[in-house]
Amino acid sequence: MTVRILLCDDHAVVRAGLLALLDSAPGIEVVGEAGTGEEALALAAKLTPDVVLMDLQLGAGIDGVETTRRLTSAAGGGPHVLVLTTYDTDADITRAIEAGATGYLLKAERPDELFAAIHAAAEGRTTLSAPVAGRVMANLRNPRPALTDREREILGRLSQGLGNRDIAKALFISEATVKTHLGRIYDKLGVDTRAGAVAVAKEQRLLP
């Protein structure tokens, strides 16, 4: 069986490299390539690939996680999505899997592992890069502690676009206290940026 692939990566050079690599793989055919999430959705509807090879960061427009969610929730069943990315934070992994990704691979993997993962994804079998699998298992064994009420308050202000000084004024606390809470929020959510914290909070419905 030949697996029909749609590539989605916002870097043309990366897509060209993947195209050349996959052209050499037995049983794999690249039927299209997209540089944005919107292009991937349009091409997937038109070409009906078996697997979409999806990067997470796609520049302007919707990101890889949202594209994955829309692809996998399409009426009548969409293609399987295999994430291929350089990002391996807990937040990225969690968001992609919750969005419906069949597998999660890092771009550092060997070509033969990528080929095997593509065939596995086409059959609906999950494949995770070793570092990703390790993170998933670690999180299952040691779940992150829940956010406190104060941390949720700060997270809510963060989602409104407020800076540390404005959050401190709104909650009648010092900026230093805000920074301390933010550090704990980042640790609990497995992120290292304000945008990442807000994205994960929305995914996990931690915000009203």
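These numbers were taken from a predicted model, which means no experiment stands behind them.
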Could you give me the CA-CA distance, side-chain angles and deciding distance for Thr94 and Val200, then say whether side-chain contact (heavy atoms from CB on, under 4.5 Å) is met?
CA-CA 9 Å; Thr94 299; Val200 173; over 6 Å; no
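- The two residues Val52 and Pro49 make their nearest non-hydrogen contact at CG2-CG, 4.1 Å.
- Residues Tyr87 and Leu106 approach most closely at O-CD2, 3.8 Å, considering heavy atoms.
- Qualifying salt bridge (charged side-chain N to carboxylate O under 4.0 Å, His left out) partners for Asp55, counting only residues two or more places apart in sequence or in other chains: Lys107.
- The two residues Ala197 and Ile185 come nearest to each other via the heavy atoms CB-CG2, 4.5 Å.
- Within the 4.5 Å cutoff, no side-chain heavy atoms of Leu58 are placed close to those of Thr36.
- In this structure, Val51 and His119 have side chains that are not in contact, with every pair of non-hydrogen atoms separated by 4.5 Å or more.
- Taken to the nearest 0.5 Å, the CG atom of Leu41 stands 8.5 Å off from the CD atom of Glu66.
- Side-chain contact between Phe115 and Leu21 is present, with at least one heavy-atom pair separated by less than 4.5 Å.
- Side-chain contact between Leu71 and Met54 is present, with heavy atoms from C-beta onward closer than 4.5 Å.
- The shortest heavy-atom contact between Cys8 and Ala40 is SG-CB, 3.7 Å.
- Judged purely by atom type and a 3.5 angstrom limit, Thr177 has no side-chain atom pairing as donor or acceptor with the backbone of Ile173.
- Not one N or O on the side chain of Thr2 forms a donor-acceptor pair closer than 3.5 Å with the backbone of Gly27.
- Side-chain contact between Glu29 and Val3 is absent, with no heavy atoms from C-beta onward closer than 4.5 Å.
- Between Arg157 and Glu153 there is no salt bridge, since none of the side-chain N atoms of the basic residue sits less than 4.0 Å from a carboxylate O of the acidic one.
- Side-chain contact between Leu56 and Thr68 is absent, with no heavy atoms from C-beta onward closer than 4.5 Å.
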Please report the C-alpha distance between Glu33 and Leu18 in whole Å, then the side-chain angles of each, then the deciding distance to 0.1 Å, and finally whether the side-chain contact (heavy atoms from CB on, under 4.5 Å) criterion is met.
CA-CA 10 Å; Glu33 54 180 289; Leu18 284 171; over 6 Å; no
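- One N or O on the side chain of Arg15 and one on the backbone of Asp9 form a donor-acceptor pair closer than 3.5 Å.
- To the nearest 0.5 angstrom, Leu84 atom CG is 5.0 Å from Leu53 atom CG.
- Electrostatic pairing of Glu151 and Arg184 does not count as a salt bridge here, judged by no charged N lying under 4.0 Å from a carboxylate O.
- At least one side-chain heavy atom of Ser129 sits less than 4.5 Å from a side-chain heavy atom of Leu105.
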Please report the C-alpha distance between Lys179 and Glu175 in whole Å, then the side-chain angles of each, then the deciding distance to 0.1 Å, and finally whether the salt bridge (Lys or Arg N to Asp or Glu O under 4.0 Å) criterion is met.
CA-CA 6 Å; Lys179 290 179 180 178; Glu175 283 189 62; 5.3 Å; no
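- Of the possible donor and acceptor atoms, one in the side chain of Thr180 sits under 3.5 Å from a partner among the backbone N and O of Ala176.
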Given side-chain contact (heavy atoms from CB on, under 4.5 Å), test Leu158 with Ile167 step by step and report yes or no.
CA-CA 8 Å; Leu158 203 65; Ile167 293 174; 4.1 Å; yes
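- Going from atom CZ of Arg4 over to atom CG of Leu6 covers 9.5 Å, rounded to the nearest 0.5 Å.
- For Glu113, the side-chain contact (heavy atoms from CB on, under 4.5 Å) partners two or more places apart in sequence, or in a different chain, are Glu109, Arg110.
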Between Asp92 and Thr85, is the side-chain contact (heavy atoms from CB on, under 4.5 Å) condition met? List the steps.
CA-CA 10 Å; Asp92 287 323; Thr85 185; over 6 Å; no
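- Other residues, nucleotides and ligands place more than 12 heavy atoms under 6.0 Å from the CG atom of Asp112.
- Side-chain contact of Arg194 with Asn164: a donor-acceptor pair under 3.5 Å is present, judged by distance alone.
- For the pair Thr127 (side chain) and Ile118 (backbone), a donor-acceptor distance under 3.5 Å is absent.
- A salt bridge is defined here as a Lys NZ or Arg NE, NH1 or NH2 lying under 4.0 Å from an Asp or Glu carboxylate O, and Arg95 with Glu98 fails to meet this definition.
- Leu147 contributes atom CG, which lies 11.5 Å from atom NE2 of His181 (distance to the nearest 0.5 angstrom).
- Looking at His80 and Asp50, their side chains never come closer than 4.5 Å, going by heavy atoms from C-beta outward.
- Here Leu182 contributes atom CG and Leu155 contributes atom CG; the two are 9.0 Å apart, rounded to the nearest 0.5 Å.
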